[in-house]
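Each remark here refers to the structure printed beneath this line.
Read the numbers this way: they start at 1 and go in the same order the structure lists the ligands and their atoms. Values below: every heavy atom of this structure, side chains too, minus hydrogens, waters and symmetry copies.
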Amino acid sequence: MKIERIEVRQIELPFLTPFETSGWREYANHSLIVRLEAQGEEGWGEAPVSSGPWYNEETTATALLMLREVLVPMLLEADIKRPEDVDALFQRVRGNRIARSGLEFAAWDLFGRMAGESLSAMLGGVRDRVDVGVSVGVQPSIEALLAVVDGYVAAGYRRVKLKIKPGWDLEPTRAVRERWPDLRLQVDANSIYTLEQADDLAKLDHFDLLLIEQPLAHDDIYDHAKLQKRLRTPICLDESIVSPEHARWALELAACRVINIKPCRVGGMTAARQIHDLAQEAGVPVWCGGMLETGIGRAANVALASLPNFTLPGDISASARYFAQDVVREPFVLNPDSTLHVPNGAGSGVEVDRDFLDTITKARFELTA
Ligand code: OSB
Ligand code: MG
């Protein structure tokens with residue numbers, strides 16, 4: 001099948017509150033929203049890049065350039081018989097995985113809509129609800145942190161992740177653990193520590209954490225294996241796992257005991273599912289991370305999280321945790337048991353609010369076959 005038309009939009013959708021990690025701050029979603037057209041049907045995808053190269057090397061500007069100059073022209077020339085063909089097509093592209101994922105997600109949505117099958121069913125999902133938690137950014141004070149966590153716990157979130165960095169690690173983690181002894185709690189360092197700080201990191205073992213996410217360098221697997229031997233708490237890799245091969249290396253080296261799968265980080269659903277399968281064979285649980293997506297990317301993440309080895313709660317919070325208004329007509333809502341429903345409509349199962357999308361679009365281009 002030929003894809004006939006591809007539209008890419010750059011959006012800006014402000015967050016209700018800025019999101020601060022160990023190394024940067026995000027004020028708005030700066031994703032690229034992709035729309036494919038073929039045989040009278042459409043498919044939507046989100047490439048959730050950030051404005052700067054702080055999480056990985058990609059930015060809104062680089063992804064826009066790669067899509068316009070390389071990826072969209074490649075896809076328009078290709079013959080696509082199944083969504084996995086998009087992953088295969090882009091294997092010869094180095095890096096730029098979030099940009100690639102926007103098109104790959106849209107292909108899954110397109111094929112799903114054509115077949116009348118949900119993305120979750122296409123991927124082999126086994127649940128109609130997925131466990132979710134909330135990722136809490138660095139706060140100006142412990143008091144502010146406790147107030148923010150209190151709000152999320154009151155909203156129904158039963159798993160909380162704290163962003164940590166040197167000087168904002170032991171005290172905030174202790175404070176939250178003391179206030180909520182039974183809360184499922186984990187931390188994320190976004191690559192800010194080095195192996196020399198292993199003894200400091202080992203102090204986090206006192207707080208009964210589910211996991212410590214990406215303590216060391218964004219491209220490291222080797223030192224994480226050394227660090228894991230010195231921690232009781234499972235290490236979870238995020239940034240370092242950019243492909244199924246990277247997942248295999250990490251598993252063979254015992255560099256982690258948990259993997260955060262963000263399908264965008266690995267180029268899309270095809271690679272994400274392969275990593276899921278590898279981890280399952282190794283007896284390593286996975287969970288679905290997030291990139292502060294709109295409802296378009298969130299729908300893809302929720303569908304992925306319905307696969308069997310997603311046994312830990314995902315960073316897939318309700319639309320209201322991020323935005324005053326989402327770009328999908330039915331926002332994602334938190335159920336009282338800290339889950340989100342998996343959409344069961346065709347494809348990703350969400351309907352894009354085109355009028356609202358138009359109001360947040362900063363730039364767009366369109367190419368045809
Ligand atoms: O490291 O998991 C991360 C957001 C942007 C970039 C990196 C990360 C995050 C989050 C937020 O932790 C997860 C979400 O709620 O989407
Ligand atoms: Mg992370």
Side-chain angles (χ1 to χ4, degrees), residues 13 15-31 46-60 63 97-98 101 130-139 148-149 152 155 157 159-165 168 185-193 209-220 224 234-242 250 256 258-266 272 286-302 304-305 312-323 326 331-332 334 338 340:
L13 182 58
F15 297 132
L16 290 170
T17 50
F19 185 75
E20 186 173 328
T21 75
S22 63
W24 73 96
R25 199 179 282 170
E26 311 253 15
Y27 297 90
N29 170 306
H30 292 274
S31 290
E46 175 171 358
V49 276
S50 346
S51 52
W54 321 126
Y55 169 73
N56 74 358
E57 79 288 356
E58 298 184 79
T59 72
T60 304
R97 290 182 174 87
I98 302 181
S101 77
V130 298
D131 276 321
V132 302
V134 61
S135 176
V136 178
V138 172
Q139 303 295 322
V148 169
V149 174
Y152 290 136
Y157 290 103
R159 192 230 69 185
V160 167
K161 164 169 129 179
L162 305 179
K163 291 293 194 183
I164 58 165
K165 62 179 182 178
W168 182 264
L185 188 62
Q186 61 194 56
V187 295
D188 185 0
N190 287 108
S191 313
I192 198 76
Y193 297 94
L209 302 177
L210 289 172
L211 55 91
I212 300 175
E213 186 176 343
Q214 197 71 36
L216 307 181
H218 71 97
D219 54 357
D220 171 79
H224 278 106
I235 290 178
C236 168
L237 290 179
D238 172 357
E239 283 89 328
S240 299
I241 307 299
V242 297
C256 61
V258 178
I259 296 178
N260 166 345
I261 303 183
K262 292 179 183 172
C264 67
R265 189 191 65 223
V266 300
V286 302
W287 55 284
C288 185
M291 291 290 285
L292 312 164
E293 289 93 342
T294 74
I296 297 173
R298 193 161 306 282
N301 288 345
V302 167
L304 180 69
L312 290 167
D315 276 349
I316 322 173
S317 310
S319 299
R321 178 259 176 268
Y322 307 94
F323 311 112
D326 205 336
F332 284 91
L334 187 71
S338 198
L340 293 187

Exercise. Report yes or no: does Gln214 contribute a side-chain atom to a donor-acceptor pair with the main-chain N or O of Asp238 at less than 3.5 Å?
Key: yes

Exercise. Can you pull out the closest protein heavy atom to atom 16 (O) of ligand 1? Residue, atom name and distance to 0.1 Å, please.
Key: Leu292 N, 2.8 Å

Quiz item: Quick one: CE on Met291 to CD1 on Ile98, what's the gap to the nearest 0.5 Å?
Solution: 4.5 Å

Quiz item: For the ring pair Tyr27 and Phe15, is the centre-to-centre distance below 6.0 Å?
Solution: no

Self-check item: Nitrogen or oxygen atoms of Tyr55 and ligand 1 under 3.5 Å apart
Solution: no

Quiz item: If you measure from each heavy atom of Gln214 to ligand 1, is any distance below 4.0 Å?
Solution: no

Quiz item: With backbone taken as N, CA, C and O and side chain as the heavy atoms from C-beta onward, which portion of Asp188 lies under 4.0 Å from ligand 1: side chain, backbone, both, or neither?
Solution: side chain

Self-check item: Heavy-atom nearest neighbour in the protein, as seen from atom 1 (O) of ligand 1, with distance rounded to 0.1 Å
Solution: Asn190 ND2, 2.7 Å

Quiz prompt | From Cys288, Ser191, Ser135 - option closest to atom 12 (O) of ligand 1 by heavy atom | solution = Ser135

Quiz item: Closest non-hydrogen protein atom to atom 14 (C) of ligand 1, residue and atom name please, with distance?
Solution: Tyr322 OH, 3.4 Å

Exercise. Between Asp238 and ligand 1, find which residue part has any heavy-atom pair under 4.0 Å and reply side chain, backbone, both or neither.
Key: side chain

Exercise. May I ask you to check whether Glu213 brings an N, O or S atom to under 2.8 Å from the Mg ion (ligand 2)?
Key: yes

Exercise. Pick one of side chain, backbone, both or neither for how Arg321 approaches ligand 1, counting any non-hydrogen atom pair under 4.0 Å.
Key: neither

Practice problem: Among the N/O/S atoms of Asp238, select the one at the shortest distance from the Mg ion (ligand 2) and name it. | Solution: OD2

Self-check item: Shortest-distance N, O or S atom of Asp188 relative to the Mg ion (ligand 2)
Solution: OD2

Practice problem: State if Trp24 counts as touching ligand 1 under the rule of any non-hydrogen atom under 4.0 Å. | Solution: yes

Self-check item: atom 4 (C) of ligand 1: nearest protein contact (heavy atom, Å)
Solution: Phe19 CE2, 3.6 Å

Quiz item: Would you say the side chain of Glu46 lies within less than 4.5 Å of the side chain of Asn29, judging by non-hydrogen atoms?
Solution: yes

Practice problem: With the side chain counted from C-beta on, respond yes when Asn190 and Glu239 share a heavy-atom pair under 4.5 Å apart, and no when they do not. | Solution: yes

Quiz item: Can you tell me how far the CD1 atom of Ile192 sits from the NZ atom of Lys165, to the nearest 0.5 Å?
Solution: 8.0 Å

Self-check item: Ala47 backbone acceptor or donor facing Ser101 side chain under 3.5 Å
Solution: no

Practice problem: Could you grab the distance from atom NZ of Lys163 to atom CD of Gln139, nearest 0.5 Å is fine? | Solution: 12.5 Å

Quiz prompt | Protein contact of atom 13 (C) of ligand 1 - nearest heavy atom, named by residue and atom, plus distance | solution = Gly290 O, 3.5 Å

Quiz item: Backbone N or O of Ala305 within a donor-acceptor pair of the Asn301 side chain at under 3.5 Å?
Solution: no

Quiz item: Has the side chain of His224 got a donor or acceptor atom that lies under 3.5 Å from a matching backbone atom of Leu216?
Solution: yes

Quiz item: Should Arg298 be counted as touching ligand 1, given the test is an N or O pair under 3.5 Å?
Solution: no

Self-check item: Element-labelled atoms of ligand 1 that are located less than 4.0 Å from some non-hydrogen atom of Lys161
Solution: 2 (O), 3 (C), 12 (O)

Quiz item: With the threshold set at 4.0 Å, does a side-chain nitrogen-carboxylate oxygen contact exist between Asp315 and Lys262?
Solution: no

Quiz item: Are side-chain N/O atoms of Arg298 and Tyr322 paired as donor and acceptor at under 3.5 Å?
Solution: yes

Self-check item: Option nearest atom 3 (C) of ligand 1 (shortest heavy-atom distance, choices Glu213, Lys262, Met291)
Solution: Lys262

Quiz item: Would one find an N, O or S atom of Glu239, in either backbone or side chain, under 2.8 Å from the Mg ion (ligand 2)?
Solution: no

